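The structure appears right after this line, and notes come after that.
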Amino acid sequence: MAVVRIDGTKITDWASFHNVCKEAFGFPSFYGENMDAFIDCLTYIDEGDGMSKIELSGNEMLTIEVTDPSVVETRIPEVFAALSTAVEDINDRFIERGKEPRIRFRRA
C-alpha cells in the first residue's frame with residue numbers, strides 16, 4: 001500500500017497546499033496548481049504516466065494522509081473539503097475506466 005503524507009501544519013492557503021502536494025506527490029514542474037491539475041496528475045497513477053512519482057501496481061491502493069487535519073480544517077476548510085472531493089472525483093474516473101477506486105483519504 002502506498003501512502004502519501006501531507007503535513008497539515010505547512011498548509012496556510014491554496015498556494016501552500018499546492019506546493020506541499022507538488023512535493024509530496026512528485027508532480028511535474030508544469031503542475032498547474034489548481035484542483036483540476038491535482039485530479040489530472042493522479043488519474044493515471046496505475047499506468048505510470050509520469051505525472052506523479054506514485055505508480056500503483058496490481059490492486060494497490062494509495063492512501064493520502066493529512067497530518068494535523070484539524071489545523072487545515074480550521075484555517076482553510078475549503079482546501080480540506082476540496083481535497084476530499086478531489087479524491088472522490090479521481091476514484092470516479094477509475095470507475096469510468098472499469099476499474100476499482102484506488103485512492104483513500106484519511107486523517108493521520
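Not measured: the values here are computed from a predicted model. The first residue of the sequence shown is numbered 1, and numbering continues consecutively from there.
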- Message: Are Val20 and Val71 connected into the same hydrophobic cluster when the rule is that any two of I, L, V, M, F, W, Y join if their side-chain heavy atoms are below 4.5 Å apart?
- Response: no
- Heavy-atom nearest pair, Met1 first then Arg104, reads SD-NH1, 3.4 Å
- Query: If you round to the nearest 0.5 Å, how far is SG of Cys21 from CZ of Phe38?
  - Reply: 5.0 Å
- Item | Inter-residue atom distance Ser52.OG - Leu42.CG, 0.5 Å rounding | 5.5 Å
- Item | Salt bridge Asp68-Lys10, side-chain N to carboxylate O under 4.0 Å | no
- Message: A side-chain contact here means heavy atoms from C-beta on lying under 4.5 Å apart; do Glu73 and Arg107 qualify?
- Response: yes
- Query: Side chains of Arg106 and Ile64: closer than 4.5 Å at any heavy-atom pair?
  - Reply: no
- Spacing of Ile103 atom CD1 and Asn91 atom CG [to the nearest 0.5 Å]: 5.5 Å
- Short side-chain to backbone donor-acceptor contact, Thr63 and Phe105, under 3.5 Å: no
Taking only distance into account, with no hydrogens and no angle test, what donor-acceptor pairs under 3.5 Å do side-chain atoms of residues 75-87 form with protein atoms, sequence neighbours excluded?
residue, atom, partner, partner atom, Å
Arg75, NH1, Ile11, O, 3.4
Thr85, OG1, Ala81, O, 3.1

- Query: Can you tell me if Arg102 uses its side chain to pair, donor with acceptor, with the backbone of Phe94 under 3.5 Å?
  - Reply: no
- Message: Assess whether a salt bridge exists between Glu47 and Arg97, defined as any Lys/Arg side-chain N lying under 4.0 Å from an Asp/Glu carboxylate O.
- Response: yes
- Query: Which atoms form the tightest heavy-atom contact between Ser16 and Thr12, and what is the distance?
  - Reply: OG-N, 2.7 Å
- Query: Got a second to check how far Ile54's CD1 is from Ile45's CD1, nearest 0.5 Å?
  - Reply: 7.0 Å
- side chain to side chain contact (heavy atoms under 4.5 Å, CB included) partners of Asn19, counting only residues at least two apart: Glu33
- Note on the structure: Heavy-atom nearest pair, Pro69 first then Val66, reads CD-O, 3.4 Å
- Message: So, taking the atom named NE2 in His18 and the one named CE in Met35, what distance separates them when rounded to the nearest 0.5 Å?
- Response: 6.0 Å
- Looking at Met61 and Pro101, what are the two nearest heavy atoms and their distance? SD-O, 3.3 Å
- Item | Positive for side-chain contact (heavy atoms from CB on, under 4.5 Å) with Met51, one of Tyr31, Phe25, Phe30 | Phe30
- Which pair of non-hydrogen atoms, one from Ala2 and one from Leu56, has the smallest distance, and what is that distance? CB-CD2, 3.9 Å
- At what distance, to the nearest 0.5 angstrom, does NZ of Lys22 lie from OG of Ser29? 6.0 Å
- Item | Arg93 versus Thr43, side-chain donor and acceptor atoms under 3.5 Å | yes
- Query: What pairs meet the ring pair (Phe, Tyr, Trp, His ring centres under 6.0 Å) rule with one or both residues in residues 44-69, with sequence neighbours excluded?
  - Reply: none
- Query: Under 3.5 Å, is there a donor-acceptor pair between the side chain of Asp46 and the main chain of Ser57?
  - Reply: no
